[in-house]
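Step one of this worksheet: look at the structure below.
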Amino acid sequence: MDPHTKQLQLLKLVDEIEGYAILVLDKRGNIETWNNGAEKIKGYKAEEVIGRHIRIFYTDLDLMISLPERLLEEAAQKGTAYNESWRVRKDKTMFWGSVTITALHDDDGNITGFAKVTRDLTERMLTETTIRQHAEDLEIKNKEIEQFVYIASHDLQEPLFTVTSFIEFFRTEYGHLLDENANTYLNFIVQAADRMKNLIKNLLDYSQLGSKKKLAKIDCKQLLDTLTVDLDSQIKKSGAKIHYGNLPVIRGYPTELSQLFQNLISNAIKFRDKKESPEIEISALKEHDGWHFKVKDNGIGIDPRFQEKIFLIFQRLHGRHEYEGNGIGLAHCKKIVELHGGKIFVESNQSKGSSFVFTIPFKPNLITV
Ligand code: ADP
């Protein structure tokens, strides 16, 4: 193919590329060629723009800071210049343009002009802005909710303290005057007040969780060695066996991570199958997105219908008389894992035990919850 035909074919190709405005400019930035994509994006026909300066696409603000001239200068100096900002169409509407200007040279290295490629990224930019805005709103809302929970639970303690104190005074001073029935009622009031005290304390702990977090290197095996000593009486009483071999050294929040393992191990012991003693296996796998930990038990298992619900605060699948607790343990676990930027879920077939899996990314310090 002779060079001229080749050149014509190339021009035709450039002309037909849609979604990209591809122009050739002279040394001063005046438009020499105009393709179909340029017409679609900017609204001008070739005859309306050939010979005019690229300044016509810029906003008044960008013209005030001589942006087009500065981009041409940068392309001349460095070979290429990139910029993203609002650009003006023929009908004066705006689009978000991504612009690359490349200097063109002759055989002796002298600049002969520029190639300018513009893409309309308005939609992408608006989507990104909306997502960013939602993320910011969500973060503010989360902070507000946490603040509210903290203040509410903190202030609830005060009247509750008055109630429990006066019940005690009442019992000490007037208990002998009450019949058995009245004393039973009083006991119910005391028990309910105690439960409420516990719930409020749990709420406070939940809202405060991670507020004093300190990132450190954690040897997970060492952490579990210490934890199993702390849980010694629970472990001995239930006859539980806890297996863990090689566990990694990771970066994370030690106090919170210890609490996470403690909650999962305590649950594995608590929700054991009465027919056999608890066998708990803790392992970790290195995956592309971080460490995947697994705490596997041979307990009563969890109905798949409730496997998401159990991570919500105060949600339990059993009555207090069956298994004691208040439904905060797994909510804590979820919050701790999320503080590290990870995820937690459970795999379980009812009556065949449960495996709690959580991930800890390699760089938890990037998360600022
Ligand atoms: P609590 O232990 O106080 O009930 P959690 O938030 O720790 O609260 O757990 C929520 C519920 O999830 C428990 O009431 C129980 O029904 C279920 N659950 C948690 N861990 C296990 C487990 N290892 N095996 C079976 N069920 C579990």
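When a ligand or atom number is given, it counts from 1 through the structure's own listing order. What you see is a predicted model; the values in this text were computed from it and never measured.
- Residues forming a side chain to side chain contact (heavy atoms under 4.5 Å, CB included) with V99 (at least two apart in sequence, or on another chain): R87, I101, K116, T118.
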Name each donor-acceptor pair under 3.5 Å that joins a side chain in residues 271-280 to protein atoms two or more places apart or in another chain, with its distance.
| unit_1 | atom_1 | unit_2 | atom_2 | d |
| --- | --- | --- | --- | --- |
| R272 | NH1 | I269 | O | 2.9 |
| D273 | OD1 | K275 | N | 3.1 |
| E279 | OE1 | H243 | NE2 | 2.8 |

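- For the residue pair Y20/N36, the side-chain donor-acceptor check at 3.5 Å is not satisfied.
- In this structure, H154 and Y150 have parallel ring planes: the angle between them is below the 30° cut-off, well short of the 60° mark.
- Taking both residues in full, the closest heavy atoms of L23 and F57 are given as CD1-CE1, 4.3 Å, listed atom of the first, atom of the second, then distance.
- A distance limit of 4.0 angstrom between heavy atoms and ligand 1 selects the residues N267, A268, K270, F271, D297, I300, G301, I302, I310, Q315, R316, L317, H318, G325, N326, G327, I328, G329, L330, S354, F356.
- Under the side chain to side chain contact (heavy atoms under 4.5 Å, CB included) criterion, Q77 pairs with E73, sequence neighbours left out.
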